[in-house]
Amino acid sequence: MEKKRIATLSFNDGTPQIELPIMSGTLGPDVIDIRNLAKTGMFTYDPGFLSTASCSSSITYIDGDAGHLYYRGYPIEQLAEKSSYLEVCYLLLNGELPSEADSEKFEREIKRRTMVHDQLMSFYKGFRRDAHPMAVMVGVVGALSAFYHDSLDISNPEHREVSALRLIAKVPTIAAMCYKYNIGHPFMYPNNKLGYVENFLYMMFATPCEEYAANPRIVKALERIFILHADHEQNASTSTVRLAGSSGANPFACTSAGIAALWGPAHGGANEAVLKMLDEIGDVSQIPKFVARAKDKKDSFRLMGFGHRVYKNMDPRARVMRETCYEVLAELGLQNDKLFEMAMELERVALQDEYFIERKLYPNVDFYSGIVLKALNVPLNMFTVIFAIARTIGWISQWNEMISDTERKIGRPRQLYRGPVKRDYRPSRERE
Ligand code: ACO
């Protein structure tokens with residue numbers, strides 16, 4: 001039998017040493033189980049969770065140094081090339097790839113839930129037409145909790161499954177409605193004859209007045225974006241979903257919390273930020289100036305779409321997306337477009353610059369997905385919404401795993417308090 005490994009923590013102030021078991025996963029570095037530390041009355045300090053595993057999970061594995069990403073053991077490159085988004089959803093949710101019969105059933109179960117309650121549509125009128133669609137998403141997805149009382153018992157696996165199917169099916173409909181409301185077009189009902197991704201494009205770009213058929217290459221490119229963004233282990237938005245869910249909150253409310261966390265420019269908002277940055281740069285001739293600004297510690301400007309907390313090598317998703325990006329630009333005849341030329345030049349300059357090489361700052365998936373979405377004519381403020389559609393399956397799979405975990409506890413981090421020590425209240429006239 002393998003010997004149990006133990007780490008010993010000793011102190012130089014007479015506090016007795018404690019033993020901390022070392023745990024191993026199936027892949028990746030070992031982790032030190034610090035739960036015994038609470039016996040000393042001390043906590044660990046780890047802002048940003050750089051050294052902390054918040055949970056154990058069997059869903060997604062990342063090796064940031066080697067640039068590997070697996071969903072349930074399958075390398076992302078294989079899934080992006082050979083699989084479909086719905087198959088990936090099934091895999092993330094259930095742990096295995098579906099058989100043909102499972103696949104058909106799963107697709108049927110999703111399709112019959114693509115419509116939203118008629119009453120939900122009136123929510124949109126409460127928003128300004130120019131509201132950011134992510135603001136609308138946070139509200140409307142959270143509001144699903146008020147419509148599906150029949151699937152909110154989180155201890156019931158069937159309820160959890162129905163909620164998951166509802167979220168996968170309805171989030172694209174809600175997202176497309178955000179766009180239609182924004183531009184003043186009528187909402188398009190889902191067309192269940194179409195595939196998942198094609199249906200989303202239809203709800204976004206079709207109108208009741210004309211026939212609409214999506215370009216199959218565009219469908220394929222968007223399907224890739226969906227697959228590549230489906231899950232990414234314990235990132236900020238997924239951790240938010242888990243933390244919200246740890247209190248027993250329902251999956252619609254938790255997903256809404258995930259959407260809020262995703263919105264930030266350091267996370268899902270980066271693809272939108274990339275295009276805004278390219279717009280600000282304005283011309284290829286300005287690139288050296290902006291690269292210099294990104295390197296200047298006194299300047300808060302950063303190159304959006306570069307760097308990643310976990311990947312210190314090329315993000316494998318970025319590699320696949322880069323390929324798709326070039327394919328889409330060629331298909332749409334956009335290789336010589338000024339904006340895309342600028343993006344490609346920025347990529348070239350940054351990849352050769354010592355500052356970026358030293359810090360292992362590679363273009364990330366958002367750099368390329370932003371460019372692809374722009375080429376597909378997706379409006380800028382919908383970029384992060386598309387990320388949210390794709391990531392819904394990751395959030396719900398991680399939430400489901402957490403609820404089923406026998407070690408589940410409400411997430412409640414501690415802190416290092418640095419505020420005032422105890423002091424007594426004084427009436428205002430006595431304050432200086
Ligand atoms: N441009 C310029 N310098 C950068 C950048 C950048 N985009 N990213 C990191 N650096 C520098 C930092 O200034 C720091 O330099 P220093 O060591 O001299 O102080 C060093 O690289 C390390 O950066 P940290 O901020 O410590 O790295 P962290 O892991 O905390 O941040 C993050 C990762 C937030 C993604 C960061 O790289 C960033 O802000 N990138 C731009 C935003 C972006 O593209 N986000 C998308 C992430 S991918 C996704 O959500 C799917």
Side-chain angles (χ1 to χ4, degrees), residues 2 5 7 21-34 44 46-83 85 87-89 91-93 95-97 224-242 262 266-268 270-271 305-325 347 350-351 356-369 387 390-391 393-395 397-398 401-402 405:
E2 207 182 312
R5 290 170 67 219
I22 297 178
M23 302 166 80
S24 298
T26 46
L27 285 172
D30 292 341
V31 303
I32 300 172
D33 178 351
I34 56 158
T44 51
D46 184 22
F49 304 113
L50 272 92
S51 303
T52 299
S54 60
C55 62
S56 72
S57 178
S58 316
I59 302 176
T60 292
Y61 172 73
I62 303 173
D63 182 335
D65 293 326
H68 295 158
L69 167 63
Y70 307 154
Y71 293 165
R72 301 279 191 186
Y74 293 100
I76 191 68
E77 296 85 348
Q78 291 183 25
L79 294 169
E81 192 195 329
K82 298 176 182 163
S83 188
Y85 179 67
E87 200 177 57
V88 166
C89 287
L91 172 70
L92 289 170
L93 203 52
E96 295 298 334
L97 282 168
R224 278 222 167 140
I225 292 184
F226 278 19
I227 293 173
L228 297 178
H229 287 83
D231 193 46
H232 212 229
E233 53 119 304
Q234 309 312 319
N235 56 81
S237 57
T238 302
S239 298
T240 301
V241 169
R242 279 189 179 255
L262 186 73
H267 190 11
N271 51 15
F306 284 79
H308 196 276
R309 166 59 64 80
V310 180
Y311 293 113
K312 302 304 170 195
N313 198 325
M314 185 86 169
D315 174 345
R317 302 168 303 169
R319 227 179 283 129
V320 176
M321 209 60 240
R322 184 178 193 273
E323 218 176 86
T324 304
C325 181
E347 178 202 45
L351 284 174
F356 289 87
I357 296 170
E358 238 173 53
R359 290 169 181 75
K360 302 187 170 142
L361 299 170
Y362 295 88
N364 56 46
V365 65
D366 287 330
F367 182 72
Y368 300 106
S369 68
F387 192 162
R391 185 54 59 83
I393 183 58
W395 293 328
S397 304
Q398 299 266 355
E401 183 182 63
M402 178 199 60
D405 187 346

Between the main-chain N or O of Ser51 and the side-chain N or O of Asp46, is there a donor-acceptor pair closer than 3.5 Å? yes
Ring centers of Tyr311, His232 separated by less than 6.0 Å: yes
On the 0 to 90° scale, with breaks at 30° and 60°, tag the Tyr61-Tyr70 ring pair as parallel, tilted or perpendicular. tilted
Quick one: CG on Asn235 to CD1 on Ile62, what's the gap to the nearest 0.5 Å? 7.5 Å
Side chain proximity check, Leu228 to Tyr368, heavy atoms < 4.5 angstrom: no
Just wondering, do Val241 and Gln398 contact through their side chains at under 4.5 Å, heavy atoms? no
Kindly indicate whether the side chain of Ile393, heavy atoms from C-beta on, has any atom under 4.5 Å from the side chain of Leu93. yes
If you compare all heavy atoms of Leu79 against all heavy atoms of Ile227, which two are closest, and at what distance to 0.1 Å? O-CD1, 3.9 Å
So, taking the atom named CE in Met321 and the one named CZ in Phe367, what distance separates them when rounded to the nearest 0.5 Å? 12.5 Å
Atom CD1 of residue position Ile32 - does it have more than 12 heavy atoms of other residues, nucleotides or ligands inside 6.0 Å? no
Heavy atoms of Gly67 and Asn313 approach each other most closely as N-CB, 4.1 Å
In Å, rounded to the nearest 0.5 Å, how long is the span from CG of Leu69 to CG of Asp63? 10.5 Å
Does any N or O in the side chain of Arg391 come within less than 3.5 Å of the main-chain N or O of His229, such that one atom is a donor and the other an acceptor? yes
Shortest non-hydrogen separation from Ser56 to Glu401 and the atoms involved: O-OE1, 3.9 Å
Donor-acceptor under 3.5 Å (Tyr85 side chain, Ala390 main chain): yes
Between Val320 and Glu323, is there a side-chain heavy-atom distance shorter than 4.5 Å? no
Do the side chain of Arg317 and the main chain of Val365 share a donor and acceptor less than 3.5 angstrom apart? no
Under a 4.5 Å cut-off applied to non-hydrogen side-chain atoms, are Leu92 and Thr60 in contact? yes
Heavy atoms, side chains only, cut-off 4.5 Å: are Tyr74 and Leu97 in contact? yes
Strictly distance-based, threshold 3.5 Å: is any side-chain N or O of Asp366 a donor or acceptor partner for the main-chain N or O of Ser369? no
Note, His68 side chain near Pro316 side chain (heavy atom, < 4.5 Å): no
Determine yes or no for a side-chain-to-main-chain donor-acceptor pair under 3.5 angstrom, with Gln234 supplying the side chain and Cys55 the backbone. no
Is there side-chain contact between Tyr71 and Ile76, with at least one heavy-atom pair below 4.5 Å? yes
Just do the side chain to side chain contact (heavy atoms under 4.5 Å, CB included) check on Asp30 and Met23 with the steps written out, would you? CA-CA 6 Å; Asp30 292 341; Met23 302 166 80; over 6 Å; no
Flag, side chain of Arg309 to backbone of Gly48, donor-acceptor distance under 3.5 Å: yes
Where do His267 and Ser237 come nearest, in terms of heavy atoms and distance? NE2-OG, 2.9 Å
Any donor-acceptor pair under 3.5 Å linking the side chain of His308 with the backbone of Asn364? no
Output the distance between atom CD1 (Ile34) and atom OG1 (Thr52), rounded to the nearest 0.5 Å. 6.0 Å
Are Ser57 and Glu233 close enough that a side-chain donor and a side-chain acceptor fall under 3.5 Å? no
The reported gap from CZ in Arg322 to CD in Glu347 (rounded to nearest 0.5 angstrom) is 4.0 Å
Approximate separation, where rounding is to 0.5 Å, of Tyr362 OH and Lys312 NZ: 11.0 Å
